[in-house]
Amino acid sequence: QVQLIESGGGSVQAGGSLKLSCEVSGITGIYYYMAWFRQAPGKEREGLAAISPGAGSIRYADSVAGRFILSQDDAENTLSLHMNNLKPADTALYYCAADCSGCDAGSWFVRSNYRIWGKGTQVTVSS
């Protein structure tokens, strides 16, 4: 059974950086579309960055493009999100997701398309 375990969340001041990691267990190698989402209190879960199988393509939401960088380490079975120039608006619970049913059609940031989810890691950015 594939499981996703997020880590790396914490508290940081505005302008700071954090690196989130998503460990993929239960399989050897990453063969899924994978993504990072976040959800702030009272808001919808928002797709931030996603990567295609084999790391051929990466997409970013406009809200994080130029500040966040997605990377995949096949040897470690890990998906990382490097977050720079953090803002208070980035405060949220961050989730890793995998196995996307609609990504081949271009819908990389639709929450309901992903079958496997981690439990999330909290990021808090203070001003």
Side-chain angles (χ1 to χ4, degrees):
Q1 182 178 359
V2 177
Q3 290 186 316
L4 307 177
I5 303 171
E6 302 100 334
S7 62
S11 297
V12 64
Q13 289 192 324
S17 299
L18 282 174
K19 176 186 173 183
L20 304 184
S21 295
C22 173
E23 178 187 351
V24 183
S25 66
I27 57 172
T28 300
I30 300 176
Y31 303 104
Y32 300 117
Y33 282 92
M34 295 195 66
W36 283 95
F37 285 72
R38 68 184 178 191
Q39 189 164 15
K43 294 189 175 182
E44 294 290 322
R45 194 167 296 188
E46 172 191 16
L48 304 175
I51 189 167
S52 62
S57 297
I58 296 175
R59 295 184 185 178
Y60 296 95
D62 290 343
S63 57
V64 303
R67 298 189 299 125
F68 290 11
I69 300 172
L70 186 66
S71 64
Q72 181 173 304
D73 186 333
D74 290 333
E76 299 292 330
N77 260 29
T78 300
L79 183 74
S80 297
L81 186 68
H82 303 256
M83 306 187 298
N84 302 304
N85 190 21
L86 285 162
K87 306 174 182 180
D90 294 317
T91 295
L93 190 60
Y94 283 68
Y95 296 92
C96 180
D99 193 6
C100 175
S101 61
C103 285
D104 285 342
S107 300
W108 290 32
F109 293 143
V110 177
R111 172 186 180 175
S112 59
N113 283 350
Y114 287 85
R115 185 178 66 87
I116 305 170
W117 289 86
K119 294 184 178 181
T121 184
Q122 178 68 37
V123 172
T124 302
V125 184
S126 58
S127 57

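Grouping the Ile, Leu, Val, Met, Phe, Trp and Tyr side chains by contacts below 4.5 angstrom, directly or via other members, places I51 apart from Y114. Residues V110 and Y95 do not share a hydrophobic cluster, clusters being chains of Ile/Leu/Val/Met/Phe/Trp/Tyr side chains in contact below 4.5 Å. Hydrophobic clustering, with ILVMFWY side chains joined whenever heavy atoms are under 4.5 angstrom apart, groups L86 together with L48.
In this structure, the side chain of T124 does not engage the main chain of T91 through any donor-acceptor pair within 3.5 Å. R115 contributes no side-chain N or O that, together with a main-chain N or O of D99, makes up a donor-acceptor pair within less than 3.5 Å. Under the 3.5 Å distance criterion, the side-chain polar atoms of N77 are matched with a main-chain donor or acceptor of V24. The main-chain N or O of S52 is never found under 3.5 Å from a side-chain atom of S57 such that the two would form a donor-acceptor pair.
Side-chain contact between W117 and R45 is present, with heavy atoms from C-beta onward closer than 4.5 Å. By the 4.5 Å heavy-atom criterion applied to side chains, L20 and T121 are counted as neighbours. At a threshold of 4.5 Å between non-hydrogen side-chain atoms, the residues I27 and Y32 count as touching. Put simply, the side chain of S80 reaches to within 4.5 Å of the side chain of K19, judged on heavy atoms. Residues D104 and Y33 meet the side-chain proximity criterion, which asks for heavy atoms closer than 4.5 Å. When side chains are defined from C-beta on, H82 counts as touching S71, because their heavy atoms get closer than 4.5 Å. Side-chain atoms of D90 and F68, non-hydrogen and from C-beta on, do get closer than 4.5 Å to each other. Annotation: side chain of C103 is not in contact with side chain of R59 (no heavy-atom distance under 4.5 Å).
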message: W36 vs Y94, test: ring-ring contact (aromatic ring centres under 6.0 Å, His included). Steps then yes/no.
response: CA-CA 7 Å; W36 283 95; Y94 283 68; 7.3 Å; no

field: side chain to side chain contact (heavy atoms under 4.5 Å, CB included) assessment of I116 paired with Q3
entry: CA-CA 7 Å; I116 305 170; Q3 290 186 316; over 6 Å; no

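We find the SG-CE distance between C100 and M34 to be 11.5 Å, quoted to the nearest 0.5 Å. In this structure, the separation between CG on L93 and CZ on R38 is 12.0 Å, given to the nearest 0.5 Å. Between the CG atom in L79 and the CD atom in E6 there is a gap of 10.0 Å [rounded to 0.5 Å]. Rounding to the nearest 0.5 Å places OG of S11 at 8.5 Å from CG of L18. Considering CH2 of W108 and CD1 of I58, their distance stands at 8.5 Å, rounded to 0.5 Å.
In plain terms, the two heavy atoms of Y60 and L70 that are nearest each other are OH-N, 2.8 Å. Residues E46 and S63 approach most closely at OE2-OG, 2.9 Å, considering heavy atoms. Annotation for M83 and V123: closest pair CE-CG2, 3.8 Å, computed over non-hydrogen atoms. Taking every heavy atom of both residues into account, D74 and Q72 meet most closely at OD1-NE2, 2.7 Å. When all heavy atoms are compared, the tightest approach of N85 to S17 is N-OG, 4.3 Å. When all heavy atoms of P88 and S126 are compared, the closest pair comes out as CG-C, 4.4 Å.
Taking the ring centre of F37 as origin, the terminal cationic atom of R111 falls outside the region bounded by 6.0 Å and 45° from the ring axis.
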